[in-house]
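A short write-up of the structure that comes next.
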Number of protein chains: 2
Amino acid sequence: MNSKELEIYQKIKQAILHRKLFPNMQLVEKEIADSFGVSRTPVRNVLRRLSYERLVKIIENKGAFVTCSSIEEAKEVFEMRRILEAEAVRKACRLYNQEHIQELENMVQEELREIEQGNYIEGLQMSGNFHLKIAEMAGNSYFYQYLEDLISLTYVIISIYGRGDERNGTCCHHLEIFHAINERNEDLAEKLTVDHLKEIESNLHFSENLQLSTSLIELLT
Amino acid sequence: MNSKELEIYQKIKQAILHRKLFPNMQLVEKEIADSFGVSRTPVRNVLRRLSYERLVKIIENKGAFVTCSSIEEAKEVFEMRRILEAEAVRKACRLYNQEHIQELENMVQEELREIEQGNYIEGLQMSGNFHLKIAEMAGNSYFYQYLEDLISLTYVIISIYGRGDERNGTCCHHLEIFHAINERNEDLAEKLTVDHLKEIESNLHFSENLQLSTSLIELLT
DNA sequence: GAATACTAGATTGTATACAATTTCTATAAA
DNA sequence: TTTATAGAAATTGTATACAATCTAGTATTC
């Protein structure tokens, strides 16, 4: 993917993660192409890549739509995150160097600042970056590749099923996880990570009949 | 991906897995397009998808090449397979139904027949299908998606670093794993699966200076 | 008035033309 | 002989034109 496509890719992805583009909203190729001053060709390439990452859903002859994960899909995302992040944080405990741990600490601090200032979306973004940093520290590129996609999808899932009060415990959890990693306490780091993810998931309201939101947003577009 | 692209995708993928196309070989868009009687457009789409799956490497302005995994990349693949398949086989033990277990048994039997008849490539293919079936039984679509790609890459890795004597123990292992699953013995099934993957990896010759094969094959194309 | 069929517009899918880049080769200079 | 260079060929990248499909609105029929 060249620099032009990369820019389009990042802009669209950020727009989805920052909730400028809502689940089920159609991404019309021509509109995007015009707004970037390019032809439909690179836009189509980007949309295909996003669909491979499950952030958009392409329906043949109909178009590309921002993903609106079902409850089952959301649960799959969290389950896979627990599996991958449990292993990743263990490996991070074993493999990290001074530079890594310094960066991780900075990220926790920055996240705390954002939350204190009431920047909800930015805090959520930093939260994801914290998890991704651990994936990077684990030293196997698949952790990063897979978790980048899963964490991106988590943003969308929270925007669908979240209550809007996600800022509560997460940054404290991150601080605890950071300390466990710093002490190279694998068992503790894994436990804290898995519990953390389970708590985030448990704060979503899957119980209510939210399948409606699918068609509802569809009507609004 | 529509039916036309799907066909091209499957043909190219099978050609790589069956070693008709060698690592580092260039996949020229026009040649493929002509051979399928289509334009370059759908071929380009397919090549991009294969590059997401890491089966093909696209270099800007140069083209698409069959992946030639480095030793480090190969080790990443096996590590990630152990992590995912360990969890998948545990979940399979808990979740399988009668239909699943029947299909799995059939696959082991078919693999045994292929090996007995000396069909090396077919046996290897069936071996991969056995692992994929377990991923399917685990009931989380990410197991299947991720392992489909990782197992495909494993074929290429074995073609690069294998000794050609991979047929030895694998099918016996599969039979043992099948029995463990059938008895819903999670711990045993996980242990057998991880050991099985470690043995396959240990039978590759990473030690020798095989980075040469990269440039060597490059010269031949 | 409700249901259906049809037309027009919008959108995606594919092929093709052209531009940009790389690769190869032949020629000339050291 | 080797190296450097120029130009031709091959290949990829992008834009555009056209085909196929879907969507929506309108007219028509019952």
Side-chain angles (χ1 to χ4, degrees), chain A residues 1-12 15-16 21-68 214-221, chain B residues 1-12 15-16 21-68 214-221:
Chain A
M1 202 155 72
N2 60 33
S3 58
K4 186 186 291 183
E5 287 185 5
L6 193 64
E7 191 204 335
I8 300 170
Y9 165 77
Q10 289 171 335
K11 287 268 173 67
I12 296 179
I16 295 173
L21 296 171
F22 301 108
N24 276 323
M25 198 174 267
Q26 181 166 9
L27 304 171
V28 178
E29 296 170 1
K30 183 108 194 351
E31 284 179 21
I32 298 168
D34 289 346
S35 76
F36 283 99
V38 297
S39 75
R40 282 167 52 213
T41 309
V43 175
R44 284 175 65 83
N45 291 336
V46 166
L47 291 176
R48 273 172 173 268
R49 165 146 180 196
L50 287 167
S51 86
Y52 188 73
E53 299 173 4
R54 303 205 198 190
L55 219 49
V56 312
K57 189 173 182 183
I58 293 178
I59 303 174
E60 215 183 326
N61 288 318
K62 286 190 128 187
F65 302 83
V66 178
T67 288
C68 187
T214 304
S215 51
L216 196 134
I217 294 171
E218 206 164 8
L219 287 171
L220 291 172
T221 54
Chain B
M1 200 153 75
N2 58 34
S3 59
K4 186 186 291 183
E5 287 185 4
L6 192 65
E7 190 203 335
I8 299 169
Y9 165 78
Q10 289 171 334
K11 287 269 173 66
I12 295 178
I16 295 172
L21 295 170
F22 301 108
N24 277 321
M25 198 174 267
Q26 183 167 7
L27 304 172
V28 178
E29 297 171 0
K30 183 104 192 354
E31 283 180 22
I32 298 168
D34 289 346
S35 76
F36 283 99
V38 296
S39 76
R40 282 168 51 215
T41 308
V43 174
R44 285 175 66 82
N45 292 335
V46 166
L47 292 175
R48 272 172 175 269
R49 163 141 184 201
L50 287 167
S51 85
Y52 300 147
E53 299 174 4
R54 304 206 199 190
L55 220 49
V56 159
K57 189 174 182 183
I58 292 179
I59 302 174
E60 213 182 328
N61 288 318
K62 287 189 128 187
F65 302 83
V66 178
T67 288
C68 187
T214 304
S215 51
L216 196 133
I217 294 172
E218 207 163 8
L219 289 170
L220 291 172
T221 53

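A note on names: the letters A, B, ... follow the listed sequences, proteins ahead of strands, and every chain is numbered from 1. Quantities reported herein were computed from a predicted structural model and do not represent experimental measurements.
Contact check for F36(B) versus V43(B): no side-chain heavy atoms found under the 4.5 Å cut-off. Counting only heavy atoms from C-beta outward, the side chains of R48(A) and I58(A) approach each other to under 4.5 Å.
Put simply, CG on L55(A) and OH on Y9(A) are 7.5 Å apart, with the number rounded to the nearest 0.5 Å. Atoms CG and OG1, on L50(B) and T67(B) in that order, are 9.0 Å from each other to the nearest 0.5 Å. The CG atom of L27(B) sits 8.5 Å away from atom CZ of F65(B), with the distance rounded to the nearest 0.5 Å. Annotation: the span from R49(B) atom CZ to R49(A) atom CZ amounts to 14.5 Å, rounded to 0.5 Å. Note that CD1 of I16(A) is 12.0 Å distant from CZ of F22(A), once rounded to the nearest 0.5 Å. The CD1 atom of I8(B) sits 9.5 Å away from atom OG of S3(B), with the distance rounded to the nearest 0.5 Å.
In this structure, Q26(A) reaches the dT12(C) phosphate: one of its side-chain N or O atoms is under 4.0 Å from OP1 or OP2.
In this structure, the helix from dG1(C)-dC30(D) to dA30(C)-dT1(D) shows an angle of 10° between the axis at its start and the axis at its end, each fitted on 5 base pairs and rounded to 10°.
In this structure, the CZ atom of F65(B) is 11 Å from the C1' atom of dT23(C), given to the nearest Å.
Interface residues of residues 54-62 of chain B facing DNA chain C, ordered by number: N61(B), K62(B); criterion, heavy-atom separation under 4.0 Å. Taken residue by residue, residues 33-49 of chain A places heavy atoms nearer than 4.0 Å to DNA chain C at R40(A), R44(A).
Applying the salt bridge (charged side-chain N to carboxylate O under 4.0 Å, His left out) rule to R54(A) yields no partners; only residues at least two apart in sequence or on another chain are considered. When the salt bridge (charged side-chain N to carboxylate O under 4.0 Å, His left out) test is applied to K30(B), the partners found at least two apart in sequence or on another chain are D34(B). The side-chain hydrogen bond (donor to acceptor under 3.5 Å, both in side chains) test applied to K11(A) returns E7(A), not counting sequence neighbours. A search for side-chain contact (heavy atoms from CB on, under 4.5 Å) contacts involving S39(A) returns T41(A), P42(A), not counting sequence neighbours. The side-chain contact (heavy atoms from CB on, under 4.5 Å) check on N2(A) picks up K4(A), E5(A), E60(B), with sequence neighbours excluded. Residues passing the salt bridge (charged side-chain N to carboxylate O under 4.0 Å, His left out) test with E29(A) are R40(A), R44(A), sequence neighbours excluded. In this structure Y52(A) satisfies the ring-ring contact (aromatic ring centres under 6.0 Å, His included) test together with Y52(B), sequence neighbours excluded.
Bracketed by its first and final contacts, the part of DNA chain D lying under 4.0 Å from non-hydrogen atoms of chain A reaches from dG13(D) to dT23(D) in 5' to 3' order.
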Considering only nitrogen or oxygen atoms on both sides, find all protein atoms under 3.5 Å from nucleotides 5-10 of chain C and state each distance.
none

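Residue contacts for E31(A): at a heavy-atom cut-off of 4.0 Å it reaches no nucleic acid atom on any strand shown.
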